[in-house]
Enquirer: 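Dropping a structure here in structure tokens format, bear with me for questions.
Each residue takes its place number in the sequence, starting with 1. In this text, all values refer to a predicted model and were calculated from it rather than measured experimentally.
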Amino acid sequence: MQQKMRPFLPIKRVFDNEFISLVTELIFLIRSYGIDKVGFSNIKKDYKLFISAVHDGWKKAQIKISHNVINKLSEIESLEIKKKEFHRQKNKDAKQECINKINTLKSEILILRRFIDSIVWTILEDEHSTIRRLPLDDNLDNLSIKNLKEAIQTLEEINSNPFTIGISSDLTTFIHTGDLLVRNYFDGTLSIVELKTGKKNLEFCDAANFSLHSECPIFDEQYTKELSPVDLKHYQRTKKQLQHMKDVTNTINTGEGYDHFHKKTVKIQDNNYIPNYFSEKIMEE
């Protein structure tokens, strides 16, 4: 119990000055950038300008986080190779130093991803019934350099619209639905986007989409009968991803549908529930 109730360690005892400086900058970009850019007295006068300014801060934060996470993942890969070599050489001290550095980098990545989580919670207006639809119970984590670079490239175009904010799902710790979460504040739409590249990926995606929307009872049997075992698994995985996205969006939009986390049908009660937070109590202390 004493271990669980211990005070938080001072951040400077765990992380270096460069990371602390980055965290400080991200807090400003996410929480204060929009207000500072527009001016507190002008927020209500030009709300559209304020929204675009807030989005601008979030987008800058996501770019910084993406590049930092990519660099840290690359460094972890290099350290893992060194760790194996030190293990082979039976150099325990050098191996342990690598392990410590890897653990620090993983902690830094987790902190950076939590910043993205905070943006998503704001985008979704702290609506628990929506947020609960997005994770899976197997806690899949597809964080990789390749996926992040692909997301950055697509988000550059999406986020050129000042009233649109697109977030890489892989950068969050809890969105296991789609590759991107996109919110447009001008028309109020919320989209979950799956990124597919490559001829075979696109072909399977089109086929799976047709199968799900047509609900044809014989399509899958006819389409898959000549596929290799590897391609069959690829198609089934693609269809499963699209089915998950369809179920999530249907439940969010209609208030009723299948929940993949709890593996059962759910119905969201339409009531104006306002959750209690401890922030005011903390600020009073």
Enquirer: Trp121 vs His128 aromatic rings, parallel, tilted or perpendicular, using cut-offs 30° and 60°?
Expert: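 Ring orientation, 0 to 90° scale: perpendicular.
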Enquirer: Quick test of your reading of the model: are Lys146 and Glu150 salt-bridged, counting only N-O distances below 4.0 Å?
Expert: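 Looking at Glu150 together with Lys146, the answer is yes, because their closest N to O distance falls below 4.0 Å.
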Enquirer: Quick one about Glu127 and Ser129 (side-chain donor to acceptor, distance below 3.5 Å, no hydrogens or angles considered), yes or no?
Expert: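 Glu127 and Ser129 do have a side-chain donor-acceptor pair below 3.5 Å.
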Enquirer: Can you name the closest pair of heavy atoms from Val38 and Ala53 and give their distance?
Expert: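 Taking every non-hydrogen atom into account, CG2-CB, 3.6 Å.
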Enquirer: Between Thr164 (side chain only) and Asn161 (backbone N and O only), is there a donor and an acceptor less than 3.5 Å apart?
Expert: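 It does not hold such a pair.
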Enquirer: Between Ile65 and Phe115, does the side chain to side chain contact (heavy atoms under 4.5 Å, CB included) criterion hold? Intermediate values first, please.
Expert: CA-CA 9 Å; Ile65 290 170; Phe115 277 110; 3.7 Å; yes
Enquirer: For Gln236, give me all partners under side-chain hydrogen bond (donor to acceptor under 3.5 Å, both in side chains), at least two apart in sequence or on another chain.
Expert: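 With sequence neighbours excluded, Gln236 shows a side-chain hydrogen bond (donor to acceptor under 3.5 Å, both in side chains) to no residue whatsoever.
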Enquirer: Do Tyr258 and Asn250 have a side chain donor and acceptor closer than 3.5 Å?
Expert: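 Distance-only check fails for Tyr258 and Asn250.
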Enquirer: Does Lys82 pair with Glu85 as a salt bridge, N-O distance under 4.0 Å?
Expert: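 Salt bridge between Lys82 and Glu85, a charged N being under 4.0 Å from a carboxylate O: no.
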Enquirer: Going by side-chain hydrogen bond (donor to acceptor under 3.5 Å, both in side chains), name the residues that satisfy it together with Gln222, two or more places apart in sequence or in a different chain.
Expert: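 side-chain hydrogen bond (donor to acceptor under 3.5 Å, both in side chains) check on Gln222 returns Lys225.
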Enquirer: Quick one: pull up CZ in Arg114 and CZ in Phe174 and give me the separation to the nearest 0.5 Å.
Expert: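 So the CZ of Arg114 and the CZ of Phe174 are separated by 9.0 Å.
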Enquirer: Under 3.5 Å, is there a donor-acceptor pair between the Asp187 and Thr189 side chains?
Expert: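 A donor-acceptor contact under 3.5 Å links the two side chains.
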Enquirer: Near Gln89 CD, under 6.0 Å, is it more than 12 heavy atoms from other residues, nucleotides or ligands?
Expert: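 It does: Gln89 CD has more than 12 such atoms within range.
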Enquirer: Of all the heavy-atom pairs spanning Ser66 and Leu171, show the shortest one and how long it is.
Expert: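 Of all heavy-atom pairs spanning Ser66 and Leu171, the closest is OG-CD1, 3.2 Å.
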Enquirer: How far does CD of Glu194 sit from CG of Leu242, to the nearest 0.5 angstrom?
Expert: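 Reported to 0.5 Å precision, the distance equals 6.5 Å.
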Enquirer: Roughly how far, to the nearest 0.5 Å, is CG of Leu22 from CG of Leu112?
Expert: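 Result: 5.5 Å between the selected atoms.
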Enquirer: Take Lys239 and Asp220 through the test salt bridge (Lys or Arg N to Asp or Glu O under 4.0 Å) and record every step on the way to the result.
Expert: CA-CA 10 Å; Lys239 185 176 178 180; Asp220 274 8; 2.5 Å; yes
Enquirer: Just how far is it from atom CG of Asn201 to atom OG1 of Thr238, taken to the nearest 0.5 Å?
Expert: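 Rounded to the nearest 0.5 Å, the CG-OG1 separation comes to 6.0 Å.
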Enquirer: Does any N or O in the side chain of Ser211 come within less than 3.5 Å of the main-chain N or O of Ala207, such that one atom is a donor and the other an acceptor?
Expert: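 No: the side chain of Ser211 does not pair with the backbone of Ala207.
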Enquirer: Counting only heavy atoms from other residues, nucleotides and ligands, does the tally under 6.0 Å from CZ of Phe163 exceed 12?
Expert: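 Enclosed: over 12 neighbouring heavy atoms sit under 6.0 Å from CZ of Phe163.
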Enquirer: Which pairs count as side chain to side chain donor-acceptor pair (under 3.5 Å) when at least one residue sits in residues 20-31, sequence neighbours excluded?
Expert: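 Of all non-adjacent pairs touching residues 20-31, those that pass side chain to side chain donor-acceptor pair (under 3.5 Å) are Glu25-Lys64.
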Enquirer: Would you confirm whether Thr224, through its side chain, and Leu227, through its main-chain N or O, come within 3.5 Å as a donor-acceptor pair?
Expert: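 Not a single qualifying donor-acceptor pair exists.
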Enquirer: Side chains of Asp117 and Thr173: donor-acceptor distance under 3.5 Å anywhere?
Expert: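 Yes, a side-chain donor-acceptor pair sits under 3.5 Å.
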Enquirer: Test question: given the 4.5 Å side-chain rule for I, L, V, M, F, W and Y, name all other residues clustered with Ile63, or answer none.
Expert: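 Besides Ile63, the hydrophobic cluster comprises nothing; the residue is isolated.
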Enquirer: Between His213 and Asn209, is there a donor-acceptor pair closer than 3.5 Å when you use the side chain of the first and the backbone of the second?
Expert: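 Between the backbone of Asn209 and the side chain of His213 there is a qualifying donor-acceptor contact (under 3.5 Å).
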Enquirer: Can you give me the closest heavy-atom contact between Thr251 and Gly257, atom names plus distance?
Expert: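 Distance-wise, the nearest heavy atoms are OG1-CA, 3.4 Å.
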Enquirer: I'd like to know whether CG of Asp93 has more than 12 heavy-atom contacts from other residues, nucleotides or ligands below 6.0 angstrom.
Expert: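 No - once you tally the heavy atoms of other residues, nucleotides and ligands closer than 6.0 Å, there are 12 at most.
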Enquirer: So which heavy atom on Lys60 is nearest to which on Tyr33, and how close?
Expert: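 Between these two residues, the closest heavy atoms are CE-OH, 3.2 Å.
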Enquirer: Looking at every non-hydrogen atom in both residues, tell me the closest pair between His244 and Leu136 and how far apart they are.
Expert: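 Taking His244 first and Leu136 second, the nearest heavy atoms are CE1-CD2, 3.4 Å.
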Enquirer: Identify which one of Lys264, Arg132, Arg133 satisfies the salt bridge (Lys or Arg N to Asp or Glu O under 4.0 Å) criterion when paired with Asp259.
Expert: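 Passing option: Arg133.
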Enquirer: Looking at Glu80, I want to see if its CD is surrounded by more than 12 non-hydrogen atoms of other residues, nucleotides or ligands under 6.0 Å.
Expert: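 More than 12 heavy atoms, drawn from other residues, nucleotides or ligands, come within 6.0 Å of this atom.
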Enquirer: Under 3.5 Å, is there a donor-acceptor pair between the side chain of Thr122 and the main chain of Ser118?
Expert: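 Looks like yes, one N/O pair under 3.5 Å.
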Enquirer: By the side chain to side chain donor-acceptor pair (under 3.5 Å) test, which pairs, at least two apart or in different chains, include something from residues 68-77?
Expert: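 Listed once each, the pairs are Lys72-Glu108.
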Enquirer: Would the distance check show the side chain of Arg183 and the main-chain N or O of Ile123 forming a donor-acceptor pair, the cut-off being under 3.5 Å?
Expert: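 Yes: the side chain of Arg183 pairs with the backbone of Ile123.
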Enquirer: For Phe186, does the CZ atom have more than 12 heavy-atom neighbours from other residues, nucleotides or ligands under 6.0 Å away?
Expert: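 No, because the 6.0 Å sphere around CZ of Phe186 holds 12 heavy atoms or fewer from other groups.
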Enquirer: Does the side chain to side chain contact (heavy atoms under 4.5 Å, CB included) test come out yes or no for Ser168 and Asp179, once each step is laid out?
Expert: CA-CA 6 Å; Ser168 168; Asp179 296 308; over 6 Å; no
Enquirer: If you round to the nearest 0.5 Å, how far is OG of Ser78 from CG of Leu73?
Expert: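 Output value for this atom pair is 11.0 Å.
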Enquirer: Under the 3.5 angstrom rule, does the side chain of Ser52 hit a backbone N or O of Pro162 as a donor-acceptor pair?
Expert: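 It does not hold such a pair.
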Enquirer: What verdict does the ring pair (Phe, Tyr, Trp, His ring centres under 6.0 Å) test give for Tyr223 and Tyr235, after you've listed the backbone C-alpha separation in whole Å, the side-chain angles of each residue and the deciding distance to 0.1 Å?
Expert: CA-CA 10 Å; Tyr223 180 75; Tyr235 171 73; 5.2 Å; yes
Enquirer: Assess the side chains of Asn159 and His55: does a donor N or O sit below 3.5 Å from an acceptor N or O?
Expert: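 Side-chain D/A pair, Asn159 to His55: absent.
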Enquirer: Could you list who else is in Leu195's hydrophobic cluster, with ILVMFWY side chains joined at under 4.5 Å, directly or through other members?
Expert: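 Leu195 clusters with Leu155, Ile158, Leu180, Val182, Val193.
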Enquirer: Which value, rounded to the nearest 0.5 Å, describes the distance between Thr154 atom OG1 and Lys149 atom NZ?
Expert: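 Result: 14.5 Å between the selected atoms.
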